[in-house]
> 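Before anything else, here's the structure in question.
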Amino acid sequence: MRLSDINKIADGNENVKDVRTETSDVDKPLKLDDVLRTELGEFGCFQLRNILLVTIPIMVSAFKSDFVFSTAAIPHRCQIPECGETSKLYNYNPDWILNAIPETKSGFSSCSRFAPNEYGINGSWESCPAGLFDREQTVSCGNFVYANDNSVVYDFDLACQEWLRALAGTLSSIGVLLGLPLSGYISDRFGRRIALVFNIFSLGFIGIIKAFSVNYNMFMILQLVQALLGSSVYTAAYVIATELIGQKYRVITSATASSMFSVGQVLLGRVYWLIGYWRYTTLALYVPCLFMVGYYWLLTESVRWLLSKKKYAEARKILENAARVNKKTINEKSMEALMNPPQTPILQETKSGLVRSVLRSPTLLRRVCTTPIWWISMTFVYYGLSINSTSLSDTIYLNYMLTCAVELPGYCAGVLLLDRIGRRTTLSSGFFFSSLCNILFVVIPLEMSAVRLVTYLLGKVGISMAMTSLYLYTSELYPTEFRHSLLAFSSMIGRLGAIAAPLTPVFAQYWHGLPSAMFCAMGVISGALVLTQPETLGTKLPDTLAEAEMLGKQDSKLNTATN
């Protein structure tokens, strides 16, 4: 799920002023942000070029959700050998089907059939009379007939094994959770470009192997490994795009990156719609990834990473090139200050210190117990709505594309409202609005398919607005000394929602409205919990625990004249 921009958005809030900026220029060392603001330019042609280059990897990163289609349920029924059926691909709904299979509210049974009579008489595919079957006795299917062969359900004969089918999506989410630390290590140890190329090559290479899976166990193992090694394409691309952008433009850059991810999801649905069969579509999606290793030469390394690793010669070269492209000039004195930072002792909080501070502060403890629930709800509802959209009608690809496309107005609404009505109100409104749409989707009659679809899409708009708000609001609730650790904790726990989301379509077989009711309940709980926390609009970003505890009080308000 795209967690790399947490700290970036926190730093990019135009209305929040870091305490460090209030110190004297004489007392503090020159920072890259200072050079961006005063000399190089916070957003110029050089930064724009980088953003345009990484939009393709960001869109491609959405392809890891291909399990939505590759493991999609296929309408199926029992194979009737008494009537000449000997393979998996026959007419799914012949005229005589109710002679052999019990009728249900949705048509006919998917997993049972009438027992054959013991007369030794067989019919044919053209004529299959009811007299061939004992209509008082039903038995489980021996083999199946499928409506199409588009997903692994056909190839690996997964009919009536819904939990096993849905497990591939859960394994993908587990792989993402396990892969985040690995990608972070590669990025911090070897550089942002290496991390991006490694992830995108792994995504493509393992995806291609997955297209040749010979059984479902192999498919699921590759699904896990692909997510583990290739899940951080978005993270790496985003970091490269933002680490040379000034604080003023990071919020809009984050919204742009999220929008490109949504475009990638729409592209995923379109490619599946055009090709259909999962093996061919998987190859079409992932073969181009192998050619994207060229990004190692197309992109420049992050200047921030180079400076942190004391690779000053490379950093200088990139800054000079950026200045030339932006038609700016960096003062030699500023360049030397960046290349020769003062050696100051670094104070680090220990893990035990963080735990003690949380336990000793009732205010911080309540937030640590609350924010992870927001993240669980957000990922659960966001991914759950995308995954369940394929069951809205027979046009599963169009449903998915619409559900992903409506994220764009949700992101825009979040960005517009955050600085107008506040963080808390925007976030809680997103949760509550999504919950309202989900419960309405349950009670609207099935015959009103158009109204149900619009309601469903509005629910995705609401949770997308909540997603945009959640990154910023959570970051502003925690002090600088603990912000990174506690945000990482919240986002890590939040992955539980993404792990559970792929299993929700299975609950629909017990009651069609159960997944939406679950989404509604989680949204209401989180929306209510949001209201227990203080508003952070117009407050300064807390650096210390004491300042974080003061949020919501008059003393925490910024003097707007200084903004």
> Under 3.5 Å, side chain of Arg424 to main-chain N/O of Thr536, donor-acceptor pair present?
no
> Which heavy atom of Ser516 sits nearest to which heavy atom of Val442, and what is that distance?
CB-CG2, 3.5 Å
> What residue pairs, at least two apart or across chains, pass side-chain hydrogen bond (donor to acceptor under 3.5 Å, both in side chains) with a residue in residues 168-177?
none
> Just so I know, are the side chains of Trp273 and Ile396 near enough to count as touching, which here means a heavy-atom distance under 4.5 Å?
no
> Is there any ring pair (Phe, Tyr, Trp, His ring centres under 6.0 Å) pair reaching into residues 53-77, and which pairs are they, with sequence neighbours excluded?
Phe69-Tyr272, Phe69-Tyr397, Phe69-Tyr400, His76-Phe144
> Over all heavy atoms of both residues, which pair between Ala284 and Ile275 is shortest? Give the atoms and the distance, please.
CB-CD1, 3.6 Å
> Kindly give the heavy-atom pair with the smallest separation between Cys520 and Ile439, and that separation in Å.
SG-CB, 3.8 Å
> Would you say the side-chain atoms of Ser151 pair up with the backbone N or O of Ala72, donor to acceptor, closer than 3.5 Å?
yes
> Considering the options Thr474, Thr371, Thr370, which one meets the side-chain hydrogen bond (donor to acceptor under 3.5 Å, both in side chains) requirement together with Ser490?
Thr371
> Rounded to the nearest 0.5 Å, how far apart are CG of Leu531 and OG of Ser526?
11.0 Å
> Is there a donor-acceptor pair under 3.5 Å between the side chain of Thr425 and the backbone N or O of Gly422?
no
> Would you sort out whether Asp155 and Tyr277 count as a side-chain hydrogen bond (donor to acceptor under 3.5 Å, both in side chains), showing the intermediate values?
CA-CA 10 Å; Asp155 281 21; Tyr277 185 46; 2.9 Å; yes
> Distance-only, no hydrogens or angles: does the Ser183 side chain make a donor-acceptor pair with backbone N or O of Gly179 under 3.5 Å?
no
> For Ile499 versus Ile174, what's the shortest heavy-atom pair and its separation?
CD1-CG1, 3.8 Å
> Any side-chain to backbone donor/acceptor pair from Thr504 onto Ala500? Under 3.5 Å, distance only.
no
> Find the distance between CD1 (Ile206) and CG (Leu222) and round it off to the nearest 0.5 Å.
7.5 Å
> Go through the steps to decide whether Ser434 and Asn438 satisfy the test side chain to side chain contact (heavy atoms under 4.5 Å, CB included), and finish with yes or no.
CA-CA 6 Å; Ser434 181; Asn438 278 300; 3.4 Å; yes
> Given the rule in the side chain to side chain contact (heavy atoms under 4.5 Å, CB included) test, do Tyr216 and Leu158 qualify, once you have shown the distances and angles that lead to the verdict?
CA-CA 9 Å; Tyr216 194 53; Leu158 299 178; 3.7 Å; yes
> So, does Arg495 use its side chain to make a donor-acceptor pair with the main chain of Ser491 at under 3.5 Å?
no
> Can you give me the closest heavy-atom contact between Ser109 and Thr104, atom names plus distance?
N-CG2, 3.7 Å
> How long is the straight-line distance from CD of Glu407 back to CE of Met467, given to the nearest 0.5 Å?
6.5 Å
> Check whether any side-chain heavy atom of Leu446 sits under 4.5 Å from a side-chain heavy atom of His512, and report yes or no.
yes
> Run the side-chain hydrogen bond (donor to acceptor under 3.5 Å, both in side chains) test on Arg192 and Ser187 for me, step by step, so that the C-alpha distance in whole Å, both residues' side-chain angles and the decisive distance to 0.1 Å come before the verdict.
CA-CA 5 Å; Arg192 311 321 193 196; Ser187 179; 2.9 Å; yes
> Determine whether a donor-acceptor pair (N or O, by modelled atom type, separation under 3.5 Å) exists between the side chain of Arg423 and the backbone of Leu418.
yes
> Evaluate the criterion side chain to side chain contact (heavy atoms under 4.5 Å, CB included) for residue pair Asn199 and Leu203; output intermediate values, then yes/no.
CA-CA 6 Å; Asn199 274 271; Leu203 184 73; over 6 Å; no
> Below 6.0 angstrom between ring centroids: does that apply to Phe380 and Trp375?
no
> Find out whether Tyr473 and Val530 are in side-chain contact, i.e. whether some heavy atom of one side chain is under 4.5 Å from a heavy atom of the other.
yes
> Quick one: does Ile463's side chain get under 4.5 Å of Phe519's, heavy atoms only?
no
> How close do Val266 and Ala405 get, heavy atom to heavy atom, and via which atoms?
CG2-N, 3.8 Å
> Among residues two or more places apart or on two chains, list those pairs meeting ring pair (Phe, Tyr, Trp, His ring centres under 6.0 Å) that have a residue in residues 417-441.
Phe441-Tyr456
> Taking side chain as C-beta onward, heavy atoms only, is Ser386 less than 4.5 Å from Val68?
no
> Inspect the surroundings of CZ in Phe205 and state if more than 12 heavy atoms from other residues, nucleotides or ligands are less than 6.0 Å away.
no
> Can you name the residues that form a ring pair (Phe, Tyr, Trp, His ring centres under 6.0 Å) with Trp511, not counting sequence neighbours?
none
> Only counting residues at least two apart or in another chain, list the ones meeting disulfide bond (SG atoms under 2.5 Å apart) with Cys369.
none
> Quick one: NZ on Lys210 to CD on Gln223, what's the gap to the nearest 0.5 Å?
4.0 Å
> Do Lys64 and Gln226 touch side chain to side chain, with heavy atoms closer than 4.5 Å?
no
> Can you confirm whether the side chains of Asp66 and Tyr286 place a donor and an acceptor under 3.5 Å from each other?
yes
> Run the side-chain hydrogen bond (donor to acceptor under 3.5 Å, both in side chains) test on Arg367 and Gln533 for me, step by step, so that the C-alpha distance in whole Å, both residues' side-chain angles and the decisive distance to 0.1 Å come before the verdict.
CA-CA 8 Å; Arg367 291 177 192 169; Gln533 299 303 319; 3.2 Å; yes
> Measure from the ring center of Phe108 to the ring center of Tyr92 and say whether it is less than 6.0 Å.
yes
> Would you mind reporting whether Ser464 and Thr468 have side-chain heavy atoms less than 4.5 Å apart?
no
> With rounding to the nearest 0.5 angstrom, report the OG to CG distance, Ser429 to Leu417.
8.0 Å
> After noting the C-alpha distance and the side-chain angles of Ser361 and Glu549, does the key distance pass the side-chain hydrogen bond (donor to acceptor under 3.5 Å, both in side chains) rule?
CA-CA 8 Å; Ser361 171; Glu549 291 177 331; 2.5 Å; yes
> Who pairs with Val451 by side chain to side chain contact (heavy atoms under 4.5 Å, CB included), at least two apart in sequence or on another chain?
Ile444, Met448, Thr455
> So, taking the atom named CD in Gln47 and the one named CD1 in Ile245, what distance separates them when rounded to the nearest 0.5 Å?
6.0 Å
> Using 30° and 60° as the class limits, which term best fits the ring planes of Tyr154 and Tyr146: parallel, tilted or perpendicular?
perpendicular
> Going through the checks in order, is the side chain to side chain contact (heavy atoms under 4.5 Å, CB included) test met by Met218 and Ser213?
CA-CA 6 Å; Met218 177 180 176; Ser213 297; 4.1 Å; yes
> Would you say the side-chain atoms of Ser61 pair up with the backbone N or O of Val233, donor to acceptor, closer than 3.5 Å?
no
> Looking at side-chain heavy atoms only, is the closest gap between Leu402 and Leu453 below 4.5 Å?
yes
